[in-house]
Amino acid sequence: MKIFKILAVSAMVLGVTSCVSKKQYDALSGNYKQCIENIGERQREIQDLKGQNSTLTAENNLLKSQHDALKSSLDACLSNTGKSSANIDKLVGEINSSNMYIKQLISSNAKNDSLNLALSNKLKRSLDNVTDDDVQVKVLKGVVMISLSDKMLYKVGDYNVLPAAQEVLGKVAKVINDYDKYSVLIEGNTDNSPLSSANLPRDNWDLSALRGTSVAKVLQSQFGVDPARITAGGRSEYNPKATNMSVSGRSENRRTEIIIMPKLDEFMKLMDIAPKK
């Protein structure tokens, strides 16, 4: 409004030019020009301020949008707090249950390892006068394994147990009977030398299986091992311990293994204490 007043005054001044002196006229004319220049500067400032206002308005709208989004996220988090707490409590319960199961497993495994070690030591003491090449005793993956060479047990290509092997099998049977909660697995094994006959044994499968069952029958009939604890069978040439390319390797592969291990129901008990899902 001030600018328009100045213009109005200037117009009036021009209108009365003839009524004033030249000196006054020059002064008024200078003021008029200065006013025109000031008007131009003010208009430029107004345009700059309008541009700045538009930018600030856009920034304000963006910040408001971000604020609304953050508020929505916060409200969602607050509404889910109860559900999250319940899930965390459930997870903690499952972790505690799993930890308890692991402790029970460790305790059971430690007990089994101790029994296996005691069983192994007792067998080794019982068989200390037997040639190591003929009898090997070791604990492997939680079970006790007794490996008996075929030359001590049978004639070549035969499956009937030799009388000389009765002493060794008697000592093994005594330990098996002492540990009456364990199962007994008997496996016959051969080398890969072909065996072909019209009569039994017809091939290495027959030979290995018949040798396993022959040892089982001796343990049952001669030394009173409960047959319900025994599983007997053969693995033919398909479970070698050494290469069949050498004489010594084939000799090592021809063996009968007696494996003493916890009964299946012991493993089922471990399954019963597993944490529920």
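In this text the structure is predicted, and so the values were computed from the model without any measurement.
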* To do: Treating Ile, Leu, Val, Met, Phe, Trp and Tyr as nodes and any side-chain heavy-atom pair under 4.5 angstrom as an edge, say whether L185 and W205 lie in one connected cluster.
  => no

* Look at the side-chain heavy atoms of Ile, Leu, Val, Met, Phe, Trp and Tyr, link any pair under 4.5 Å apart, and say whether V218 and V184 land in one connected group. => yes

* To do: Please answer: with hydrophobic residues joined when any side-chain heavy atoms are less than 4.5 Å apart, are L207 and V161 in the same cluster?
  => no

* Structure fact -> All heavy atoms of A173 vs all of V225, minimum pair found to be CB-CG2, 4.0 Å

* Of all the heavy-atom pairs spanning G157 and P201, show the shortest one and how long it is. => O-CG, 3.9 Å

* In Å, rounded to the nearest 0.5 Å, how long is the span from CD of E257 to OG of S147? -> 4.5 Å

* Would you call L169 and L148 a side-chain contact if the rule is heavy atoms closer than 4.5 Å? -> yes

* Asked: What's the spacing between R255 CZ and R211 CZ if we round to 0.5 Å?
  -> 12.0 Å

* **Any donor-acceptor pair under 3.5 Å from R250 side chain to N244 backbone** => yes

* To do: State, without any angle test, whether S208 and N189 hold a side-chain donor-acceptor pair at a distance under 3.5 Å.
  => no

* Are L210 and M152 co-members of a hydrophobic cluster defined by side-chain heavy atoms under 4.5 Å apart? -> no

* **Heavy-atom pair with the smallest gap, counting every atom of K241 and N253** => N-OD1, 2.7 Å

* Any side-chain heavy-atom pair from I258 and I176 closer than 4.5 angstrom? -> yes

* Verdict with supporting geometry, F223 and K174, side chain to side chain contact (heavy atoms under 4.5 Å, CB included) -> CA-CA 8 Å; F223 304 107; K174 184 178 186 310; over 6 Å; no

* Minimum heavy-atom distance K151-L162, with the two atoms named -> O-CD1, 4.1 Å

* **Cluster link I230 to L153, ILVMFWY, side chain under 4.5 Å** => yes

* **Between Y154 and T256: side-chain donor-acceptor atoms closer than 3.5 Å** => yes

* Look up atom CG in D191 and atom CE in M245, then write down how far apart they are to the nearest 0.5 Å. => 12.5 Å

